[in-house]
Amino acid sequence: MFLFFLLLVTLFSLAAPFSLNVRTKVPTLLHSTTDVTFKSSSAKQQIGNDSFLNEDLMSRAQNGPGRVNKSKLKIGIVGAGLAGMVAAMDLADAGHEVEMFELRPYVGGKVSSWKDKDGNHIEMGLHVFFGCYYNLFGIMKRTGSFDQHLRLKEHIHTFINTGGHLGALDFRFPIGAPISGLQAFAKTEQLGLADKFHNAVRLGTSPIVRALFDFDGGMDMVRELDDITFSEWFTRLGGSRGSLDRMWDPIAYALGFVDCDNISARCMLTIFMLFAIRTEASVLRMLDGSPQTGLHDPIIKYLEDRGVKINTGMGCRDIVHETDSDGKPTYVKGIKVGPKDEYKEFDAVVCALDVPGIKKVLPENFRKFKMFDNIYQLDTVPIATVQVRFDGWVTEMNSESRMMDVSGDQSDGKGGGIDNLLYSADAEFSCFADLAITSPGEYYKEGEGSLIQAVFDERAFGRSEEQIKNDCIEQLGQLFPSSRKLKCTWASVTKLGQSLYREKPGQDKFRPTQATPVSNFFLAGSYTYQDYLDSMEGATRSGLMVADEIIERADGIGGLKDMAERKREEELQQQA
């Protein structure tokens with residue numbers, strides 16, 4: 001317990017000066033690469049320091065926009081990922097006619113899942129729901145999927161080391177944050193005494209400490225750390241290499257698929273800040289089954305009940321727009337979609353795509369605006385998601401007979417092993433889980449055992465799918481030696497060459513706002529600026545924000561509907 005008390009003493013001694021001079025809260029301004037500003041007060045609530053602690057955002061997401069426009073817009077949404085579907089929910093509830101266009105044969109974007117020819121559910125990645133996903137949880141409550149499809153996990157983050165040795169950040173404690181976090185770091189088996197000491201010293205001098213007494217001041221310090229890596233920040237005042245290698249690298253890979261030597265300090269400290277302030281932030285949930293069933297199908301039903309048309313297998317091939325004398329876009333008239341370039345006219349268009357998608361869709365002359373040009377500064381990371389089924393329970397290390405026992409009904413998470421997300425510093429996959437236990441609804445098969453799902457980052461991406469599968473099985477055997485007696489009965493590898501945007505230093509300033517310099521053209525997606533990371537929560541926030549902004553701009557003189565009607569009148573006059 002010595003280190004626990006050391007952490008406490010360090011924390012409160014360093015925090016004391018801040019507690020005497022707590023700043024008066026002032027709104028933190030959105031970073032901006034353009035003169036575009038938000039008109040919607042609701043959208044503004046998703047940015048700035050207050051948005052991190054605003055649990056009321058869950059109610060906003062759950063209850064909808066709370067407003068129906070007087071004018072009915074015809075709105076086209078390019079992309080049916082989470083951001084686009086969330087935006088469509090609000091826009092439909094506000095009384096607008098919404099049509100969506102998705103290139104893939106299924107919805108979901110980076111959170112997609114689908115069935116193969118044998119009925120196996122394949123996922124694009126491993127999807128975990130943190131307790132601070134207030135907006136996403138609100139959406140899931142709105143569609144009825146929160147209570148029905150999410151499974152709560154124990155409040156512990158477990159590391160699996162070579163030979164089956166466990167380390168953990170165990171947040172289970174009678175007192176919540178930050179005390180629960182302090183004792184978790186003090187007691188963890190993942191670090192030795194020396195690394196714990198250096199960890200305590202560095203965390204004790206971090207913006208997290210200031211935020212406990214002056215949240216605005218702490219968050220402002222975090223924002224200023226986007227131009228250096230987490231390793232640079234961590235080692236600058238006492239952090240040890242051992243802590244980075246054994247604990248922080250697996251966490252960094254799980255967050256953004258890059259290590260501490262390459263991930264932005266702002267990115268890592270943003271998450272730590274939430275964990276330190278909110279007890280529930282580090283609690284994990286996972287779906288009881290696939291994203292398609294547990295997350296997307298309820299949203300699709302919600303949209304179809306409100307007349308939203310979703311076109312899959314029909315991507316956007318061109319954005320038809322007007323330009324000024326300098327060739328800059330001024331107004332979007334519609335889009336061309338599908339293999340036959342079918343023209344669809346809209347009053348407003350939302351491009352709810354990922355980074356590679358928006359780069360492909362934007363016409364070249366849009367780059368005459370700095371905000372659009374900055375998008376091309378954003379890099380992405382490749383990943384490979386591996387699913388491997390075995391004839392026994394891989395993560396069951398206490399009993400060999402239990403590991404081999406797949407008899408009877410072991411559905412509903414009753415299989416042998418660990419029911420939680422797992423990390424490892426000794427494998428190439430950043431995080432993994434046994435879906436037959438954590439998400440058994442569609443992943444458990446009677447008479448079979450574990451379905452391990454692991455995510456490989458770019459270190460392994462260039463290998464063949466067969467080699468990646470074999471590497472996964474071999475590395476699982478190193479982490480769980482007893483599992484070498486099990487046989488692989490099925491496997492799948494899904495490569496995604498451009499996944500999340502790369503959270504390297506200096507990238508945050510390139511993220512675009514949802515409102516753009518083109519009056520009736522909007523952006524959504526987890527890469528857009530919403531003061532959060534590229535994640536399911538980030539995508540949800542962006543979808544809500546773009547809907548709020550369109551709803552705010554729809555009515556009145558000079559509004560989106562008025563603008564569209566004037567454009568049509570001009571066209572009729574020209575034709576006459």
Side-chain angles (χ1 to χ4, degrees), residues 113 116-128 158-167 249-250 253-254 257 286 290 382-406 410 415-440 442-497 499:
S113 68
D116 68 7
K117 59 183 177 60
D118 298 318
N120 298 298
H121 289 265
I122 310 296
E123 289 195 32
M124 195 80 77
L126 183 59
H127 305 295
V128 182
T158 302
F159 296 79
I160 312 294
N161 303 302
T162 298
H165 301 293
L166 302 183
D249 268 351
Y253 277 122
F257 305 120
M286 296 182 72
S290 70
I383 64 168
T385 300
V386 185
Q387 292 173 256
V388 189
R389 191 178 291 281
F390 292 87
D391 60 355
W393 303 105
V394 171
T395 65
E396 173 55 60
M397 295 182 287
N398 296 322
S399 168
E400 184 173 317
S401 61
R402 180 70 185 95
M403 179 187 74
M404 304 295 294
D405 181 12
V406 295
Q410 299 193 45
I418 304 173
D419 180 9
N420 215 324
L421 178 71
L422 302 173
Y423 307 86
S424 181
D426 296 328
E428 290 181 303
F429 35 85
S430 53
C431 53
F432 62 106
D434 186 346
L435 297 186
I437 301 174
T438 63
S439 307
E442 291 165 314
Y443 292 115
Y444 167 75
K445 286 190 175 182
E446 189 171 355
E448 300 199 46
S450 294
L451 177 61
I452 299 295
Q453 181 160 298
V455 182
F456 283 78
D457 54 74
E458 59 190 330
R459 292 173 293 180
F461 183 80
R463 301 170 198 161
S464 68
E465 293 183 5
E466 181 68 16
Q467 186 61 54
I468 292 174
K469 179 201 77 172
N470 292 336
D471 290 341
C472 182
I473 294 171
E474 179 181 350
Q475 291 176 41
L476 284 169
Q478 293 169 358
L479 300 181
F480 304 95
S482 58
S483 73
R484 293 170 183 163
K485 298 181 179 181
L486 302 177
K487 294 180 180 179
C488 169
T489 60
W490 173 84
S492 169
V493 177
T494 301
K495 285 187 172 184
L496 188 59
S499 178

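Side chains included, hydrogens not; waters and symmetry mates left out as well; all remaining heavy atoms used.
Judged purely by atom type and a 3.5 angstrom limit, Arg463 has no side-chain atom pairing as donor or acceptor with the backbone of Ile468. A distance-only check finds no donor-acceptor pair linking the side chain of Glu448 to the backbone of Ser450 [under 3.5 Å]. Panel note: side chain Lys469, backbone Val386; no donor-acceptor pair is recorded below 3.5 Å. The closest donor-acceptor contact from the side chain of Asp116 to the backbone of Asp118 lies under 3.5 Å.
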- Under the side chain to side chain contact (heavy atoms under 4.5 Å, CB included) criterion, do Tyr444 and Ile437 qualify, and how do the steps go? CA-CA 7 Å; Tyr444 167 75; Ile437 301 174; over 6 Å; no
- What do the steps show when you test Phe456 against Val493 for side chain to side chain contact (heavy atoms under 4.5 Å, CB included), and what is the final call? CA-CA 10 Å; Phe456 283 78; Val493 177; over 6 Å; no
- Task: For Leu486 and Met404, run side chain to side chain contact (heavy atoms under 4.5 Å, CB included): C-alpha distance rounded to whole Å, both residues' side-chain angles, the deciding distance at 0.1 Å, then the answer.
- Result: CA-CA 8 Å; Leu486 302 177; Met404 304 295 294; 3.4 Å; yes
- Message: Test side chain to side chain contact (heavy atoms under 4.5 Å, CB included) on Asp405 and Glu396; report intermediate values, then the result.
- Response: CA-CA 10 Å; Asp405 181 12; Glu396 173 55 60; over 6 Å; no
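Side chains of Ser430 and Phe257 form a contact here, defined as non-hydrogen atoms less than 4.5 Å apart. For the pair Glu442 and Leu451, the minimum side-chain heavy-atom distance is 4.5 Å or more. Within the 4.5 Å cutoff, the side chain of Met397 has no heavy atoms near those of the Met403 side chain. Within the 4.5 Å cutoff, side-chain heavy atoms of Ile160 are placed close to those of Ile418. A 4.5 Å side-chain heavy-atom check between Tyr253 and Arg459 finds at least one atom pair inside the cut-off.
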Contacts under 3.5 angstrom, residues 121-128 side chains, donor-acceptor by atom type, not counting sequence neighbours:
from   : atom 1 : to     : atom 2 : distance (Å)
Glu123 : OE1    : Gln453 : NE2    : 3.4
Glu123 : OE2    : Tyr443 : OH     : 2.5
His127 : NE2    : Gly125 : O      : 3.2

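In this structure, CG on Asp471 lies 11.0 Å from CG on Leu476, to the nearest 0.5 angstrom. Leu479 CG to Leu166 CG: the interatomic distance, rounded to the nearest 0.5 Å, is 10.5 Å.
With sequence neighbours excluded, the residues forming a side-chain hydrogen bond (donor to acceptor under 3.5 Å, both in side chains) with Arg402 are Gln410, listed by chain and number.
Using cut-offs of 30° and 60° on the angle between ring planes, the pair Phe480 and Phe432 is perpendicular.
Of the N and O atoms on the side chains of Ser482 and Glu400, not one donor lies less than 3.5 Å from an acceptor on the other residue.
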